[in-house]
K.L.:
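My questions will all concern the structure given below.
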Amino acid sequence: MGSSSAYTFAKNGKSVLLLEQFSFLHERGSSHGGSRIFRHAYEDARYVRMCVDADAAWQTLEAESQEGLLFRSGGLDIGRKEFLEQIAQSILSGGSDCDFLSPRETTKRFPVFKPQEENTVLYQESAGVLAASRAVTTLLRMAVNYGADLRDNEAMLSYRATASGVEVTSSKGNYQATKLIVCAGAWISKVFSELELKTYVEKQQVLYIKAKGKDFLVGKMPIFIERDHGIYGMPSFERPTAIKVGDHYIAPQTDPDTRDFELNQDIAKDTCDKLASFMNLTPEILDFSTCLYTKTPDEHFIMDRHPETPQILIAGGFSGHGFKFGPILGNILFDLAYDQDSTYDLSLFGLERLKA
Ligand SMILES: Cc1cc2nc3c(=O)[nH]c(=O)nc-3n(C[C@H](O)[C@H](O)[C@H](O)COP(=O)(O)OP(=O)(O)OC[C@H]3O[C@@H](n4cnc5c(N)ncnc54)[C@H](O)[C@@H]3O)c2cc1C
């Protein structure tokens with residue numbers, strides 16, 4: 001989100017300094033790794049509209065940077081009929097498309113899946129895989145191209161409002177700015193401890209599951225979300241003989257400064273068992289990776305002005321589903337920073353709702 005903001009603000013002619021406490025593309029936060037799901041399927045049409053705009057924004061970034069970032073592969077939502085009908089309704093009213101498939105049609109079209117008879121399947125052509133680390137690198141590269149000054153291994157230690165904006169003290173110096181945009185991921189509630197944000201951090205793990213053969217490849221196998229248990233995954237993209245799978249719901253809470261990077265074997269077994277109930281494979285874990293979710297109680301994001309110092313913007317709580325919106329979130333923050341009307345309903349992301 002910081003990379004997207006640096007890119008957007010620099011592209012709009014602003015003088016930008018980006019500070020990162022660790023090295024760029026480090027693996028201690030939320031945006032590392034080779035892939036993320038891109039989809040339009042949301043139960044709230046406001047998110048669907050944002051997905052449609054993000055889709056166009058990723059394509060603009062691809063054209064501008066000459067880098068392939070979004071790889072279409074289709075997407076499946078597997079679950080109960082009533083819930084998927086609600087999602088389908090939102091997809092259509094949000095300006096996108098989808099089709100229902102029976103479990104039998106799903107297996108015929110995508111032999112790696114075997115949804116249970118009582119389930120319904122929603123298919124979306126526009127879904128796919130985002131090349132995640134490459135996308136962050138590209139946003140940073142394009143930010144530099146538009147004149148941004150990027151500095152890593154430099155933490156913001158404190159900030160204070162001034163008559164003309166804000167002063168930031170970092171581990172390496174002092175800076176004056178008219179605006180401060182803080183996209184601190186899992187550290188957001190520590191940076192703004194005075195606001196007592198009701199966010200919490202989870203240590204998520206993703207499993208690389210052995211999957212050999214062309215039916216598992218990106219472009220052939222859709223990304224998927226099994227809605228009853230929150231098992232999600234994507235085709236073979238990062239690795240030639242493995243799909244990537246995670247569990248959106250089951251993850252221990254942690255602290256970003258004291259966390260571990262170990263595999264939780266019990267959760268891994270549970271994820272594999274659930275996966276085997278709707279996919280045609282016997283899960284074998286080849287590798288794993290850990291990553292942080294920063295969740296809000298309602299899983300909507302935080303993008304708002306600081307209540308006492310409106311020249312400071314807070315962006316966080318992306319709740320495990322923010323990556324796909326990357327390039328448009330910079331636009332939303334730009335509009336907030338310069339009091340421009342947003343095309344989106346920003347009440348969804350306001351701090352007000354998180355007050356006790
Ligand atoms: C396992 C996993 C799977 C996911 N899958 C999907 C998916 O399929 N689709 C999707 O759309 N989203 C997905 N997400 C969510 C998405 O990746 C996150 O919402 C997004 O990456 C959050 O980005 P961020 O910029 O808020 O956090 P980060 O990328 O962690 O960035 C915050 C940065 O701020 C830095 N920082 C913090 N404090 C300071 C300070 N004081 N000074 C300087 N720097 C500081 C940190 O070091 C960090 O680099 C997934 C997340 C995880 C963990």
Side-chain angles (χ1 to χ4, degrees), residues 1-6 17-42 47 50-51 54 58 70 75 127-133 135-136 139-140 150-159 168-172 175 180-193 199 201-208 223-225 230 232-234 237 244-248 251 254 256-257 259 271 288-296 299-303 314-330 333:
M1 306 313 172
S3 312
S4 167
S5 303
L17 170 67
L18 176 68
L19 300 181
E20 162 56 51
Q21 63 182 348
F22 304 127
S23 57
F24 290 129
L25 301 164
H26 68 87
E27 305 207 333
R28 299 179 61 173
S30 307
S31 303
H32 58 282
S35 57
R36 291 291 186 279
I37 288 176
F38 182 81
R39 62 185 159 103
H40 293 179
Y42 269 87
Y47 279 105
M50 287 170 61
C51 291
W58 284 115
L70 176 51
V129 178
L130 280 164
S133 288
V136 176
L139 286 165
L140 291 173
L150 309 188
R151 302 187 188 185
D152 59 357
N153 298 304
E154 180 168 354
M156 178 179 82
L157 302 180
S158 63
Y159 62 86
V168 164
T169 301
S170 81
S171 50
K172 296 191 178 163
Y175 304 100
L180 172 65
I181 323 296
V182 181
C183 310
W187 290 264
I188 197 81
S189 60
K190 295 193 183 211
V191 173
F192 296 108
S193 54
T199 56
V201 178
E202 287 179 353
K203 189 192 94 177
Q204 276 279 331
Q205 60 188 30
V206 290
L207 309 175
Y208 293 91
I223 61 97
F224 62 89
I225 303 183
Y232 65 88
M234 52 211 105
F237 174 74
K244 182 167 145 183
V245 176
D247 182 330
H248 182 73
T254 191
D257 293 314
R259 58 170 293 200
T271 306
F288 75 96
S289 171
T290 60
C291 183
L292 300 178
Y293 271 10
T294 308
K295 281 189 172 173
T296 59
E299 298 199 11
H300 296 312
F301 311 149
I302 301 170
M303 285 188 287
I314 304 171
F318 290 100
S319 301
H321 64 111
F323 201 96
K324 68 183 71 58
F325 301 102
I328 65 159
L329 299 186
L333 293 167

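Residue numbers run from 1 in the order of the sequence given. These numbers come from the heavy atoms of this one structure, side chains and all, not from hydrogens, waters or symmetry mates. Small disclaimer: the values here were computed from a predicted structure and weren't measured. Both counts, for ligands and for their atoms, begin at 1 and track the order of listing.
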K.L.:
Looking only at atom types and distance, does a side-chain atom of Lys172 sit under 3.5 Å from a main-chain N or O of Asn153, one as donor and one as acceptor?
P.N.:
yes
K.L.:
Would you mind writing out the side-chain donor-acceptor pairs for residues 323-330 within the sub-3.5 Å range, not counting sequence neighbours?
P.N.:
unit_1 : atom_1 : unit_2 : atom_2 : d
Lys324 : NZ     : Tyr42  : OH     : 3.0
Lys324 : NZ     : His321 : O      : 3.0

K.L.:
For His300, what residues pass the side-chain hydrogen bond (donor to acceptor under 3.5 Å, both in side chains) criterion, not counting sequence neighbours?
P.N.:
Tyr47
K.L.:
What are the polar N/O contacts of ligand 1 with the protein below 3.5 Å, with distances?
P.N.:
unit_1   : atom_1 : unit_2 : atom_2 : d
ligand 1 : 8 (O)  : Ile37  : N      : 2.7
ligand 1 : 9 (N)  : Ile37  : O      : 3.1
ligand 1 : 11 (O) : His321 : O      : 3.3
ligand 1 : 11 (O) : Phe323 : N      : 3.1
ligand 1 : 11 (O) : Lys324 : N      : 2.8
ligand 1 : 11 (O) : Lys324 : NZ     : 2.8
ligand 1 : 12 (N) : Phe323 : N      : 3.2
ligand 1 : 14 (N) : Gly320 : O      : 3.4
ligand 1 : 17 (O) : Ser30  : O      : 3.1
ligand 1 : 17 (O) : Arg36  : NE     : 2.9
ligand 1 : 19 (O) : Gly322 : N      : 3.3
ligand 1 : 21 (O) : Ser30  : O      : 3.2
ligand 1 : 21 (O) : Ser31  : OG     : 2.7
ligand 1 : 23 (O) : Ser31  : OG     : 3.2
ligand 1 : 25 (O) : Met1   : N      : 3.0
ligand 1 : 29 (O) : Ser31  : N      : 3.4
ligand 1 : 29 (O) : Ser31  : OG     : 2.4
ligand 1 : 30 (O) : Ser30  : N      : 2.9
ligand 1 : 34 (O) : Cys183 : O      : 3.4
ligand 1 : 41 (N) : Met156 : O      : 3.0
ligand 1 : 42 (N) : Met156 : N      : 2.9
ligand 1 : 44 (N) : Gln21  : N      : 3.0
ligand 1 : 47 (O) : Glu20  : OE2    : 2.7
ligand 1 : 47 (O) : Gln21  : NE2    : 3.0
ligand 1 : 47 (O) : His26  : NE2    : 3.3
ligand 1 : 49 (O) : Glu20  : OE1    : 2.5
ligand 1 : 49 (O) : Glu20  : OE2    : 3.2
ligand 1 : 49 (O) : His26  : NE2    : 2.7

K.L.:
Taking only residues two or more places apart in sequence, or in another chain, which ones meet Lys203 in a salt bridge (Lys or Arg N to Asp or Glu O under 4.0 Å)?
P.N.:
Asp260
K.L.:
Using a distance-only test with no angle check, is there a side-chain donor-acceptor pair under 3.5 angstrom linking Arg151 and Tyr175?
P.N.:
yes
K.L.:
Against Thr290, only a single residue in Arg259, His32, Arg28 fulfils side-chain hydrogen bond (donor to acceptor under 3.5 Å, both in side chains); can you say which?
P.N.:
Arg259
